[in-house]
Amino acid sequence: MPIKILSDQTIAQIAAGEVVERPASVVKELVENALDAGATHLHVTVSGGGQKLIRINDNGSGILAGEVELAFARHATSKLATIDDLLQIRTLGFRGEALASIASVSQVMVTTRHRQEEVGTQIRVEGGTVTLHQSAGAPAGTVISVENLFYNTPARLKFLKAESTEKRHITTTMTRYAMAYPHVRFILEQDGRELLRTGGSGQLADVVVKVLGLENFRQMVALELEESPREERPAVRVWGYTSMPEFYRADRSHIVLFVNGRHIQDSTLTYAVIQAYHTLLMTGRFPVAIVMIEIDPQEVDVNVHPAKAEVRFRNPNAVFSAVQRAVRQAVVTFSAAPGIRSGRSGGLATARPEAVWGGEEAETAAQLDMDLALEATGQYPRQRSPFAQEQPAPEDDPTAVPVGLGAPLKPRTLPMLRVVGQVGAMYIVAEGPAGLYLIDQHAAHERILYEQFMENFSKQEVTMQHMLVSQTVRLAPAETQLVETNLDALQAIGFVLEPFGPNTFVIRAVPGLLADSDPADVIAGLMDDLEQGKKPGHSAIEEKLIMQVCRQAAVKAGQVLNYDEMQGMIRQLERCSSPHTCPHGRPTMIHLSGERLAREFGRI
Ligand code: ADP
Ligand code: MG
């Protein structure tokens with residue numbers, strides 16, 4: 001074929017492909033235009049998965065009669081004049097491409113009246129050509145109907161997914177804007193069914209309740225973190241909601257991120273959210289989160305993607321750590337035992353999550369109302385216990401400082417529990433002011449050891465047990481390689497190994513926790529974790545090893561514990577920063593509230 005310059009229409013259709021990938025992209029662009037025009041009401045009507053019709057009715061500024069046709073020209077925008085304006089951009093659009101692109105692949109009808117004009121305008125554009133232009137009486141604002149999308153680009157049409165898929169994409173898109181603009185009233189109707197209606201209260205919580213449902217919203221905690229600027233780092237504010245560990249999904253698509261009101265896709269920041277749940281969520285489980293990031297527009301380049309779905313930060317690390325800290329802080333603070341909130345109800349009178357589900361203080365107060373008679377402790381024989389001696393048990397005063405230790409106790413994260421007994425040599429039964437707790441002894445002990453070990457490790461105070469009688473361990477060749485490449489990491493956590501002939505090591509020392517275990521067994525058990533730790537994006541290898549050491553050192557299921565041992569363990573668990581899950585994310589306890597028990601027994 002000879003070289004030819006393409007026709008304007010073909011150029012427009014090719015360019016349109018970048019902006020208008022599917023019906024949901026049309027919805028996105030039109031919603032953005034309405035929001036940029038200052039609309040506070042936005043009504044979207046869709047039929048046939050958006051391929052047949054997408055109509056958006058807004059009460060924004062409207063378009064001046066003299067500019068309506070211009071709005072459909074390529075690269076026509078009222079939002080910026082020079083590239084420098086991009087640094088200060090506060091509108092969602094700026095490329096001046098959307099209307100032109102949409103109109104080149106569909107039949108568009110616009111009726112609009114600018115607030116300052118008496119008479120409105122109606123124009124029709126088909127496949128990029130204006131076929132009608134007339135005056136029209138209309139309320140201030142804009143109605144845009146996009147019909148027969150991709151009617152003149154059969155190739156695109158073929159790529160459309162099933163109507164139900166496109167419908168879902170449209171709903172997702174709308175939902176995101178509704179969350180980013182809680183003060184705007186959104187209505188979405190698809191094929192005559194209303195799928196979303198928000199009240200425009202200005203409260204994100206109200207929108208999240210609409211989107212996730214009240215039951216799920218109750219399992220979310222509020223995020224709020226403000227990082228002040230320092231050195232190279234800009235000020236960053238992170239707010240929104242994130243799920244408690246008991247509420248999760250099977251993939252990461254329920255983590256939604258916004259930067260200055262713009263929904264973005266960013267796998268690194270998504271990972272920051274996931275990582276904040278480290279040791280709280282099992283592998284394969286992902287949080288549900290709505291994360292709003294606010295940052296000086298000069299710190300974000302929004303012009304890196306035609307659909308503006310990706311952005312670039314000038315200081316990505318600052319944003320990453322702000323998101324991660326905000327989420328971690330919220331989850332660790334609000335985490336509560338599984339079941340603690342089930343069956344509780346509360347009105348949604350205010351948007352503050354504390355008011356919705358009580359918050360820690362309210363929870364404790366409610367717990368104290370429970371009328372569960374506490375029997376005197378001490379019906380079990382008291383013996384020397386490995387747990388009791390590690391940390392003196394503060395009996396009644398939760399703020400008591402243990403004598404002789406000097407350091408204040410860690411804050412209490414669980415109410416004070418009293419051990420009732422052990423079931424199946426596996427679970428500890430305990431009671432507290434809020435009812436009954438079944439605690440998995442192995443998982444709980446793993447959590448305790450893990451937090452202690454991590455604390456010592458971060459202070460570089462890991463205790464080692466030097467071997468009196470030297471012992472050797474023989475490994476398979478692949479394992480030998482793993483150990484050799486990780487000798488430093490192993491040493492950092494207390495294993496001192498020296499190569500001793502082919503595939504053999506002398507064990508000089510092991511972590512203090514493992515003093516009673518067979519070192520050869522332990523080292524063999526570490527291999528899996530060394531293997532996994534090599535994958536990029538996984539937590540530091542030392543941390544993996546520490547988890548493994550704690551698992552090996554923790555009391556096993558099947559081990560009979562005496563009363564003091566159990567009570568000592570519970571005392572320590574009460575002050576773990578994440579007492580509800582083991583380091584691998586499995587629950588350490590099940591809570592049956594007094595209310596639940598009363599209900600089960602038909603007392604209420
Ligand atoms: P951009 O949003 O990048 O400026 P668009 O092609 O989406 O480009 O829109 C072109 C222009 O048309 C906008 O800059 C705006 O001035 C005007 N416009 C589009 N939609 C609306 C609307 N709903 N209300 C008011 N003005 C609008
Ligand atoms: Mg636009």
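Each ligand, and each atom within it, is numbered from 1 in the order the structure gives.
- Looking only at atom types and distance, the side chain of E226 has no donor-acceptor partner in the side chain of W239 under 3.5 Å away.
- Looking at K544 and E542, no side-chain N of the basic residue comes within less than 4.0 Å of a carboxylate O on the acidic one, giving no salt bridge.
- Residue-level proximity to ligand 1 for D58 is carried by the side chain, the only part with a heavy atom below 4.0 angstrom.
- The closest protein non-hydrogen atom to atom 12 (O) of ligand 1 is A71 CB, 3.4 Å.
- Only side-chain heavy atoms of T142 come within less than 4.0 Å of ligand 1; its backbone N, CA, C and O stay farther off.
- Exactly one residue among V207, T242, V256 makes a side chain to side chain contact (heavy atoms under 4.5 Å, CB included) with I290. That residue is V256.
- The protein non-hydrogen atom at the shortest distance from atom 20 (N) of ligand 1 is N33 CB, 3.2 Å.
- For ligand 1, the polar-atom distance check finds an N/O of F94 within less than 3.5 Å of one of the ligand's N/O atoms.
- In summary, the side chains of D206 and T198 do not present any donor paired with an acceptor at a separation below 3.5 Å, with no hydrogens or angles considered.
- Between Y241 and F217, the distance separating the two ring centers is shorter than 6.0 angstrom.
- At the shortest separation from atom 2 (O) of ligand 1 among protein heavy atoms lies K79 NZ, 2.6 Å.
- Among protein heavy atoms, atom 25 (C) of ligand 1 sits closest to A37 CB, 3.4 Å.
- Checked for salt-bridge contact, E21 and R156 miss the test: no charged N lies under 4.0 Å from a carboxylate O.
- For atom 3 (O) of ligand 1, the closest non-hydrogen atom of the protein is G96 N, 2.8 Å.
- No heavy atom of E29 sits closer than 4.0 Å to any atom of ligand 1.
- Remark: R249 CZ is packed, more than 12 non-hydrogen atoms of other residues, nucleotides or ligands lying under 6.0 Å away.
- Those atoms of ligand 1 that come under 4.0 Å of a heavy atom in E97, given as number and element, are 6 (O), 8 (O).
- Note: an N/O pair closer than 3.5 Å links R95 and ligand 1 by distance alone.
- The part of A76 lying near ligand 1 is the backbone, judged by heavy-atom distances below 4.0 Å.
- Side-chain contact annotation: S106 with E147, donor-acceptor N/O pair under 3.5 Å absent.
- The single protein non-hydrogen atom nearest to atom 4 (O) of ligand 1 is T77 OG1, 2.5 Å, given as residue, atom name and distance.
- Within the sub-2.8 Å shell of the Mg ion (ligand 2), the protein contributes these N/O/S atoms: N33 OD1.
- Close approach of ligand 1 to G93 is summarised as follows: ligand atoms under 4.0 Å from at least one heavy atom of the residue are 2 (O), 3 (O).
- When hydrogens are left out, the protein atom nearest atom 6 (O) of ligand 1 is L99 N, 2.9 Å; that is the closest non-hydrogen contact.
- Ion pairing between K167 and E163 fails under the 4.0 Å rule for side-chain N and carboxylate O.
- If you run side chain to side chain contact (heavy atoms under 4.5 Å, CB included) between F72 and each of T129, I123, V130, only I123 comes through.
- Ligand 1 is approached by G62 to a heavy-atom distance shorter than 4.0 Å.
- Around atom CZ of F247, more than 12 heavy atoms belonging to other residues, nucleotides or ligands sit under 6.0 Å away.
- When only non-hydrogen protein atoms are considered, atom 16 (O) of ligand 1 lies nearest to S78 OG, 2.5 Å.
- No N or O atom of A100 sits closer than 3.5 Å to an N or O atom of ligand 1.
- Note on R113 versus E118: no salt bridge recorded, every NZ/NE/NH1/NH2 to OD/OE distance being 4.0 Å or above.
- Using a cut-off of 4.0 Å between Lys/Arg side-chain N and Asp/Glu carboxylate O, E166 and K161 are scored as not salt-bridged.
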Between H183 and Q203, does a side chain to side chain donor-acceptor pair (under 3.5 Å) hold up when you go through it step by step? CA-CA 7 Å; H183 57 278; Q203 300 292 338; over 6 Å; no
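- Taking the six-membered ring where tryptophan is involved, the planes of H263 and F258 are perpendicular, since the angle between them exceeds 60° and thus also 30°.
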